[in-house]
Amino acid sequence: MKRRNFIKNASLTGVGLAVGSSLASCDDHSKEEKALVNTPHNSEKGSIPLVIATWNVKKSTLKAWETIQNGGSALDAVEQGCRVEEADETGQTVGKGGLPDREGNVTLDACVMNQHGHCGAVVYLKDITHAVSVARKVMEDTPHVMLAGDGAKQFALSKGFQPENLLTEASKAAWEQWKVEANYKPIINIENHDTIGMLAIDSNGDISGACTTSGLAYKMAGRVGDSPIIGSGLFVDNEIGACVATGLGEEVVKTVGSFLVVELMRQGKTPQEACEEAIGRIVNKPNSNYKDFQVGYIALNKKGETGYYSIHEGFSMTKYQDGVNEQLQSDFFNKA
Ligand code: SD4
């Protein structure tokens, strides 16, 4: 689709639909999926503190919000929030229970970035559930930004993280089933229900972010996606705002998506406009095969305004603001 059509599409959908109320218990995901809230996202009022996360993760945003209410920093909030999903074995795109690569290895990618622009990341981490916390330790306790593979694991063990088998029976069974045909194709919205990315502004107005994932199901052994790559999966600039990505990491990396969104906000765009333009960069590429994959962005600015947008229907953002924890259905590009 041409850029002109993209802009037309985006402005039509920017009007928004009905405004719903916040959702009930976060235990019943399937019920929540049907009761998604649509908001007129361009007219929202910003306020802080604020927590937003990719997908349907109200337990995680609740944990992050409580962390801030208890005096924690935005960095504490995003770490604690992400840990909830990393520990949830039913989430098959993050932490324990994540779907493995083609060889049956669960390998995790994660990063954090704080209000000072400091960051830490781990890639291809095995056997350690809380990759986000290892990433924080890389930021705080090493002279480096990123540790990979065995080195990342050795570092985690030296910091007292316990080794665990991350391949649950359910994920092993799914992998065995996949191996029958071994047909590799990105699965649109497979990330639903898991924390992948979280951004927060604390009571001091400081911004931090985190991103954690087991990456694409049945990826090639050794593959690393966008999620631990600062600027692609996550970017924070405490003067401007922050962005985090989910979906097919290769496409996010090619457009340095999260940095792009923050730079667009620096130029004066709202978080919503910035997310839409960053998706536009992907879908408007000549010969883009965007119909075959999903990418979603969420963003916030210093005022506590938020934006979220994806290529396909089905993406959502969870937001905790003004004491309300709600899941918001994302507008999307591919209306055809
Ligand atoms: C990746 N962006 O590894 C990640 C996938 C993702 O939930 O978002 N998974 O490409």
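Residue numbers start at 1 and run along the sequence shown. What you are looking at is a predicted structure, and each value in this text was computed from that prediction instead of being measured. Read the numbers this way: they start at 1 and go in the same order the structure lists the ligands and their atoms.
Between W178 and Y218, the ring planes lie parallel to each other; the angle is under 30°, not in the 30° to 60° tilted range. Aromatic ring pairs are classed by plane angle as parallel below 30°, tilted from 30° to 60° and perpendicular above 60°; the pair Y320 and W65 is parallel.
The I196 neighbourhood of ligand 1 comprises atoms 7 (O), 8 (O), 9 (N), with distances under 4.0 Å to a heavy atom of that residue. Those atoms of ligand 1 that come under 4.0 Å of a heavy atom in T93, given as number and element, are 7 (O). Listed by atom number, the atoms of ligand 1 under 4.0 Å from S227 heavy atoms are 2 (N), 4 (C). For ligand 1 and G215, the ligand atoms under 4.0 Å from any heavy atom of the residue are 3 (O). Shown in contact with T246 at under 4.0 Å from a heavy atom are these atoms of ligand 1, numbered in order with element: 6 (C), 8 (O). Within the listing of ligand 1, atoms 1 (C), 2 (N), 4 (C), 10 (O) sit less than 4.0 angstrom from a heavy atom of D226.
Scanning E251, R223, Q294 for the heavy atom closest to atom 10 (O) of ligand 1 points to R223.
If you look at F259 and F235, their ring centroids are closer than 6.0 Å.
Annotation: L248 places no N or O atom under 3.5 Å from an N or O atom of ligand 1; distance criterion only. Residue G247 has at least one N or O atom closer than 3.5 Å to an N or O atom of ligand 1.
Using a 4.5 Å cut-off on side-chain heavy atoms (C-beta onward), C211 and V244 make contact.
For the pair K254 and E250, the salt-bridge criterion is not met [side-chain N within less than 4.0 Å of a carboxylate O].
By the salt bridge (charged side-chain N to carboxylate O under 4.0 Å, His left out) test, E66 pairs with no residue at all, sequence neighbours left out. Residues meeting the side-chain hydrogen bond (donor to acceptor under 3.5 Å, both in side chains) test with T129, sequence neighbours left out: E164.
At a heavy-atom distance under 4.0 Å, only side-chain atoms of T213, from C-beta outward, approach ligand 1.
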